[in-house]
Structures are given as structure tokens and as C-alpha cells.
Amino acid sequence: MQEKELRRVLGAELRPSGVIDAKMEEAYRIIRNAEVGQTGSKKPVIQKVLVGIGSVAAVFALMVTFCVMNPVLASEIPILGGIFSKLSDLFSFGQLPEEDTVLLYQDNGTASVDKGSAGESASDGQGVRDTAVYQQTSGDITITLTEVYASNQALFIGVNVKNAQEFPEMALFADGTQNLSVETVEYYSFRPDAIQSLRHIEGKFADAHTYDGILRIDYSEINVDDSRYQQMLDSAGVTPEDIGQTGNEEFWLTDENYAQYIDYYEIPETFTIKLDISNIVGDLAEPLPLEGQKSAEELERMSDEEWQKYMKTLPQEWYDYPNKYENWWQEGSWSYDLTITKKDSASRVIEVNQINEAGIGVRSIELSSVEMTLNTVEGNDTFAVALDADGNKIENGSSNAYELAIAGHDISRVYIYICDYDEYMDEIKGYGVPGNHQDRSFQEVLEERAVFKTVVETGE
Amino acid sequence: MNTVNTLVRRARRGDAEAFIALIEECKMTLQRVALGYLRNEEDVADAIQDTILDAYEHIGNLKKEEYFKTWLVRILINRCTKRYRMNQHKAYLEDYSEEAQRDVGKADVEFREMLSILPDDSRVIFQLYYGEQFTIREIAEILGMNENTIKSRLHRGKEQLRVALEGR
């Protein structure tokens, strides 16, 4: 189609719409009647005029919540909601709540305005925050933290990565996401020690130089206090390297002694985190071939002895992470200070407290705007699964199987089934795969074979 | 002296009529861009109304007068996106077919048909580039996207459009 034709059609004068004209006239009426301030100067106090005017007031109330509580001006609102919105279709937890998201850095280079809640730091006293706090450059890589949302279960941080050089082609998952990983050291105000971690950022490359992603930190990963366990080891003169050796089984942390040695820090409503990143790593779309590398079919045909012999021929570097065969990475130093305040109007805990005679059941479920955590009571040989009101399986959004992504699900009613682990993995799970076993539904099979089941009405 | 710039300066000083005149200048743009997001006329009307009120509230902070239209369209797209997400479950295809049966002009029919053919991720870019004749740079600013991404979407979209039209 020729450009001229595109311009003609897409730039056409459309017929006037009575509906649109009426709404515009209503807006003009409101503007013309805008209240005059005490000084006599005309100022658009639109909010007061709108009270009591039907749907317009409701719409404007939304705008007030979104725009005016955060005194970021319309021209400085992140386009299309920033990274959380950009990735809402891809991200495993869907669209994170805009009303509970705090903007840290904005793409037009302006400073974000201090709301007095999450993200307080380096303010100049007038509420304008120095953007350098959230954008750091080391070598060719600039990492910007764009926005943050903290529920009662996890912390989500928008991350933009810009590379002065072109990124190599990175691996693409079936769901369309491309992940980067960052090696971190994290200092939280509610615990005395630092946490070293390898964090995964879920997102996508916008172009050859730019990556947008969301970093999720689950509170269960940062609230474990193992100081009593460490004290026990110190008293016994056992080092972490010694623990794995035969004969040291008494020093292992097990289900039986877990409660004896492990406590949990309470995550306060407001806390600080110093996030230090020392390396950023990606997985190459096409790993470099190793010299003498065998194909998958060849490996399958090998005996165990042949396989072990083959693995010893592989270069030591291949076993490292990251390595040049499988990864791109960039070491550096990017450091951020964040103040986080938990804010999610949908956060709540529903007590269930149903345990059967075998000691299996559900204590509670924790809800936020985007996820549901199952707090079950189980042994090692069971597995829980949750279905929504329509009988659809609610999948996990993170590597933790019980942190479920609720976006797109009707969770007014939640069916929770706990099954024998092996039976679930080998037989039952397949019924939950769309297209499989059309003769019976997943829920029918779970109803029949679960060792525990319950229904929770959430009132959502 | 540029009329638009004069009107913007007056609007920033609280002159309601100057602001309304600016909106009237951009009315067709607002309608066409909103239709790229929201097929239902009521939703389009509501999104435009939200945009007008939002813009009037914050026009004092528009940095450069000559960017008024770019700035206004950016606000509109934000409102449309929000409204689209709120109503995502609605059957827009059904709304569209009902509207197509009404007595609308040929230009409207062609316009809506073109929108329905355009790929989802390129539709608004096509509308802004060909329909409203914004530059690549302006579109990048409105949508918060990289200029190269805009160009590649235009290129890819035209190819997809060509294939779609050949198949008709």
C-alpha cells in the first residue's frame, strides 16, 4: 500500500460524533466554570467542580489518585506506565498495580518527586530526588531502577539496562521473555548481615542496546535468620565446607531440626535496602560449540561410564558460571539505596486452619494484587495445587511452586488440593495440561485422588 | 506570531477560551488516535474528556508551547491505555461490527477497516505517523520508545499490511 494511500485513509476527516461532542462540551463547561481562588486569580480547581458530577467525578478521582497524590506532572508521567506496564503481557505476575507503584526514575531525564514513602533518599529538601541515585553506570553498562512495588509478599523493581555496545543475541523462552541475571550483595535494615544472591530479571530486549525487566525479591528469600544454626556450627568447629563430608550428618539442617535452628526476621512495613550489583549475565541464544562436543543423541547413547569420561574432557571453564560458551556478562559496580514501604490495598491473609488426621492441610493463604501464596502443612511426599473458581489451575509465577500468579484468574473461590507427590507428578499433573485427557477434567481427578482438599471463599 | 503558541501562552495563564480553542484544533487528532485504542464510541468520548481535563489541569507545566500537540496526544494515549486495560474483557469486535452497520461515511469505514488490518503493535505508530503526521522523533517521545524501534515497526507493519491486503 502506498504511503499516499495510508496518509489519506488514516488522516481522513471522520464524521462528527454526537457522543464525543457531548463529552467534550461537558469538559468545556467544567473548565469555564472552574472556581476562582481567593486571591482573585483564576486557577483550575477542577477537583471541587467535579464533585457530584456522575462518571466524570469517578474518572477524575482515579486521575487524582494516579496523578495528583504523586505530584508528578502530566508531562512527566512515564509513558504507558513504565517498565511494569511495558512488560505486563509477558511478566509472569501480569500487570503490577499502578496505584501502588512508586516511580523512581523517569525516562525524560527529570527527577522523580519524593512522595515521602518508598524511594526516599537524596532529596534536596524540596522533594526532588537526584536521579543519580537510581541510575548507575559502570563501563559500558548503565542500570536504572525505574519503579518499585512492594506487596505483603514480595518486592518488584523495574530495571532498565543500557549497553553502549550491542548485546549479543540472547536466549528467548517460549513465553517470549528473555532473562538477565545479576550477582548481588543486599543489605537490609531489618537484619545485621548481608545476603549474596544471584537474582533473575524477567523481561525483554527492546533493541540491541536496551533491556527492560522486572526483578522480584520474595520476602521468604530475605527473612531467614540462620544465626542459631551458624552458632551451633561455630561451637562445634564445623565449617560450611565440612558439612557435606561423610560423617557430619548430625550437622545437617533437616526438616526435623529446622525449627530448632531457623528463625524469621519480620519484614517491617518500611525498610531500606542497599543493593550492590557486581555482575550482569545473560544466556546466549546460540551457545558456542565446545571442541569435540557431542550431540544430544550421542550423549543419550552413552553408558554412564562413557558419559562420565566424556564430561571430564570438557574444559573447566565450561563448568563455571558465567562462561564464554554459554553466557555474555559484564562485571562492574552498580549500587543503589532504596527505602521501601509495603503498599498494596489488596494485601490480606485469609486464615484457613484446616488440618486432617494425617497432619496435612492449609494454614492460610496470603493475597496481594498479583499473587497468592499457599501456606500449607505437609510432609516431603505431598504437593499442593490450587484451582480458580472456573477450575483452572493457578500457575506459580516464581520458582517457588506455592507462589501463584493470579492475573487473569477468578479467585473469588479457590480450590486447594494436596496430593501424594509421586502420584501427582507421574499421573495427575498431565490432566492439567490443556489438550490432554479430554475424557476427564483436571478438577475431577483431583477431587478423586487428593489426600486433602478444601475450598476457600476469598470474597474477591 | 504563531497562533498556536499564542493560544498556549494564554491558556497557561488560565484563559479557558484559549485552551478550548487549542483543543478544537486538535479534536480530529484526538478522535482518530483514540479510535486506534478504543473501538467503542463511549470509551473514546470518555478518554477524550479525561484528556481535556487532565491537560487543562497541568498546562501550566508544559515546557515548550510548540510541543502542545505532542504533549496532548501523550496524555490521551495514557488515558486510552488505562481505559483499554480496564475494559479488556469487553468484546470490542462485537462493538466494531455494530458500528460498521450504522450509517457512517465512507471515510469512517475505510479508517476503521485500516485500523483493524494494522498489526496490534504498530497500529498507533501508523496512526501517528501517517494519520497525524508526527515525526519519528515526536512519536518516540509520545510513546517512550526508541526511534529505531519506531522505524522497524513501521517497516515491519507495512510488510504485514501488504501481506494482509494481498490476502483479501
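Proteins get letters first, then strands, A, B, ... in listed order; numbering begins at 1 in each.
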Nearest heavy-atom neighbours spanning A:Ala206 and B:Thr149: O-OG1, 3.8 Å
Heavy-atom closest contact (A:Arg15 atom, B:Asp108 atom, distance): N-OD1, 2.9 Å
Between [X] (side chain) and [Y] (backbone), is there a donor-acceptor pair under 3.5 Å?
{"X": "B:Arg32", "Y": "A:Gly11", "result": "yes"}
{"X": "B:Glu41", "Y": "A:Ile20", "result": "no"}
{"X": "B:Glu110", "Y": "A:Val9", "result": "no"}

Contact class of [X] relative to chain A, heavy atoms under 4.5 angstrom:
{"X": "B:Ile20", "answer": "both"}
{"X": "B:Glu17", "answer": "side chain"}
{"X": "B:Ile23", "answer": "both"}

Counting C-beta onward and ignoring hydrogens, is there a side-chain heavy-atom pair between [X] and [Y] closer than 4.5 Å?
{"X": "B:Glu24", "Y": "A:Tyr28", "answer": "yes"}
{"X": "A:Ile31", "Y": "B:Ile52", "answer": "yes"}
{"X": "A:Lys23", "Y": "B:Ile48", "answer": "no"}

Atom [atom1] of [X] and atom [atom2] of [Y]: how far apart are they, to the nearest 0.5 Å?
{"X": "B:Gln49", "Y": "A:Glu26", "atom1": "CD", "atom2": "CD", "answer": "4.5 Å"}
{"X": "B:Met114", "Y": "A:Leu6", "atom1": "CE", "atom2": "CG", "answer": "5.0 Å"}
{"X": "B:Tyr130", "Y": "A:Glu5", "atom1": "OH", "atom2": "CD", "answer": "12.0 Å"}
{"X": "A:His209", "Y": "B:Asn146", "atom1": "NE2", "atom2": "CG", "answer": "8.5 Å"}

Distance-only polar pair, side chains of A:Asp207 and B:Asn148, donor-acceptor under 3.5 Å: no
Contact origin within A:Glu13 toward chain B - heavy atom pairs under 4.5 Å: both
Geometric cation-pi criterion A:Arg7 and B:Tyr129, 6.0 Å radius, 45° cone: yes
